[in-house]
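The first residue in the sequence is number 1, and the count goes up from there. Both backbone and side-chain heavy atoms feed into the values below; hydrogens, waters and symmetry mates do not. Counting convention: from 1, in listed order, for ligands and their atoms alike.
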Amino acid sequence: MTAQANTKPRGRQFFNNPGPTNIPDRILRAMDRPVVDFLAPEFLEIQRSCFAGLKRVMKTDGEIFVHASTGHGAWEAAVANVFSPGDLVLIIESGHFSNGWQEMGEALGLKVEMLKADWRKGVDFESLNKRLADDKNHEIKGVFTVHNETATGMMLPLAEVRRALDATKHPAMLLSDTISSLVSMDYKMDAWGVDVTVAGSQKGLMMPTGLAITGVSKKAMEASRHSKMPKYYFNWALMAARMPQKFIGTVPVHQFFGLHESLKMIDEEGLDAIFARHNRLAEATRECVRAWSKDGKGPTLYGQTKERLSDSVTTIMMPEGHTSDAMRKIALERFNLSLGGGLGPLSGKVFRIGHLGDLNEPMLLGCLATTELAMKVAGVPFASGGVDAAIKSLAS
Ligand code: PLP
């Protein structure tokens, strides 16, 4: 008998997408258990502890609502509970995901104005100040922000957005999408005066996809009592009345088992240590890319504003004449490394390295070295010394 060639790559996949992210074995094991009644006291205690943990990671005393949905559900819940059809909202443009929220807002009947921004540099706060100051009659009811734009790898300084609202004494609600920043980069919902925080389970929380999480301030809760947007499953008031489970429909108990373990792991490591780890891994990735491009021919950092580069994802621009998808295909099919692709207009032009969630130095170095290998096979030019630069950064 002749042995058949096995073309399936061996070993564990290196997974560096910016979401979903690696799920730690501890979380998988915590979910691997028999079902329980969601009204059983044992489960209600797990759920209560999850809500308390989510408040800790969002740094809020506000309300928490959890839906069985992807992050899109949290976007929809935020729009449907706080606003009424015809309300004007201002969205700070950041990239693919700010534009997705715009599309949803319009579909639900909001009047949406985009505050234009260069995707590579991020918004210019002068233009935000001016637009808010010009809105003398306070027609703008909400300012939507994406704290970390997963498509471009750029972070939006939310304290600056709060400052602009305060400086102009503008009463608009502040909404923030933290889907790719929560538990990876510092986020202070109450200190920054954010009224609605939108999050998902599959990134910094290291969980399977499927929980949409919203943090809601008192002001937003109050607004939800007057909102005329049709809603049922996403209705916060209805959920709040469904005690003790605070949930509409069957509670996904296994997702809560996983979330409970995730929050335990987060408490053990500590939020500040988690942010420092993300910053270390991000800085090493950036140093690697800077080395690749030092002769002017290799891939470059997409983001151009140094202090706004994301600690959870790095977006990397391909050199002229090379598509990221060909290189990513080689990385995945030959070397079992999964990298993120470009989204929307950046499709094929960039690739993304996710360095968030359950990740350490060897995993990142494996990813960077294998990206070099895939680039070499794909014929993508790059200067040598990228991995060395990452090692130097990590060792310092
Ligand atoms: N917002 C941001 C910043 C994201 O990164 C994503 C997904 O990657 C979403 C919204 C949409 O979330 P979901 O895919 O869970 O619906």
Side-chain angles (χ1 to χ4, degrees), residues 15-23 54 58 65-80 89 91-108 112 114 117 119 122-123 143-158 161 174-185 187 189 194 196-215 233-234 252 255 258-259 262 278 282 302-303 308-315 338-344 346-347 350-357:
F15 194 84
N16 281 87
N17 287 39
T21 62
N22 295 289
I23 305 173
L54 291 171
M58 279 190 192
F65 293 99
V66 176
H67 295 95
S69 153
T70 68
H72 273 76
W75 268 0
E76 187 149 347
V79 171
V89 300
I91 300 188
I92 298 182
E93 186 182 19
S94 52
H96 179 76
F97 289 103
S98 64
N99 296 7
W101 215 358
Q102 169 194 18
E103 206 176 296
M104 175 183 282
E106 286 171 349
L108 294 173
V112 181
M114 292 303 278
W119 287 18
V123 73
V143 174
F144 290 21
T145 60
V146 177
H147 184 213
N148 186 70
E149 174 55 71
T150 326
T152 63
M154 297 277 287
M155 182 272 296
L156 176 69
L158 288 171
V161 180
L174 176 57
L175 286 78
S176 185
D177 169 340
T178 66
I179 289 178
S180 61
S181 60
L182 193 71
V183 196
S184 300
M185 292 149 70
Y187 179 72
M189 175 166 168
V194 178
V196 184
T197 298
V198 167
S201 52
Q202 76 274 24
K203 302 200 198 232
L205 286 167
M206 311 172 286
M207 283 272 298
T209 311
L211 290 183
I213 300 157
T214 35
Y233 180 66
F234 289 119
Q255 287 274 5
L259 181 60
S262 151
H278 279 75
Y302 179 80
R308 293 197 198 171
L309 293 177
S310 161
D311 280 351
S312 59
V313 52
T314 297
T315 300
S338 184
L339 296 166
L343 298 173
L346 299 182
S347 174
V350 303
F351 66 98
R352 295 173 303 146
I353 296 181
H355 31 73
L356 71 166

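The protein atom (non-hydrogen) at minimum distance from atom 16 (O) of ligand 1 is H72 ND1, 2.5 Å. Here the heavy atom of the protein found nearest to atom 6 (C) of ligand 1 is F97 CE2, 3.2 Å. Protein heavy atom nearest atom 8 (O) of ligand 1, with residue, atom name and distance: K203 NZ, 2.7 Å. Of the protein's non-hydrogen atoms, T150 OG1, 3.2 Å is the one closest to atom 3 (C) of ligand 1.
Contact record, L182 with A199: CD2-CB, 3.8 Å, taken as the closest heavy-atom pair. The nearest pair of heavy atoms linking G200 to L205 is O-CD1, 3.8 Å.
Below 4.0 Å from some heavy atom of Q202 lie the following atoms of ligand 1, by number and element: 13 (P), 15 (O). Set against the non-hydrogen atoms of D177, the atoms of ligand 1 under 4.0 Å away are 1 (N), 2 (C), 3 (C), 10 (C). Residue W75 approaches ligand 1 through these ligand atoms, each under 4.0 Å from one of its heavy atoms: 1 (N), 10 (C).
A donor atom on one side chain and an acceptor atom on the other are found under 3.5 Å apart for S312 and S310. Checking S69 against Y233 by side-chain atom types alone, no donor-acceptor pair falls below 3.5 Å. The closest side-chain donor-acceptor pair between T150 and S180 falls under 3.5 angstrom.
One finds the CG atom of L211 at 9.5 Å from the CD atom of Q202 (value rounded to the nearest 0.5 Å).
Close to ligand 1: N148, with a non-hydrogen atom less than 4.0 angstrom away. Not a single heavy atom of E149 sits closer than 4.0 Å to an atom of ligand 1.
Neither the backbone nor the side chain of T209 comes within contact range of ligand 1; no heavy atom lies under 4.0 Å. If you look at T70 next to ligand 1, the close heavy atoms, those under 4.0 Å, come from the backbone and the side chain alike.
Taking 4.5 Å as the limit, some side-chain heavy atom of M154 sits within range of a side-chain heavy atom of L309.
At least one N or O atom of G71, backbone or side chain, sits closer than 3.5 Å to an N or O atom of ligand 1.
Looking at T214, its side chain does come within 3.5 Å of a backbone N or O of F65 through a donor-acceptor pair.
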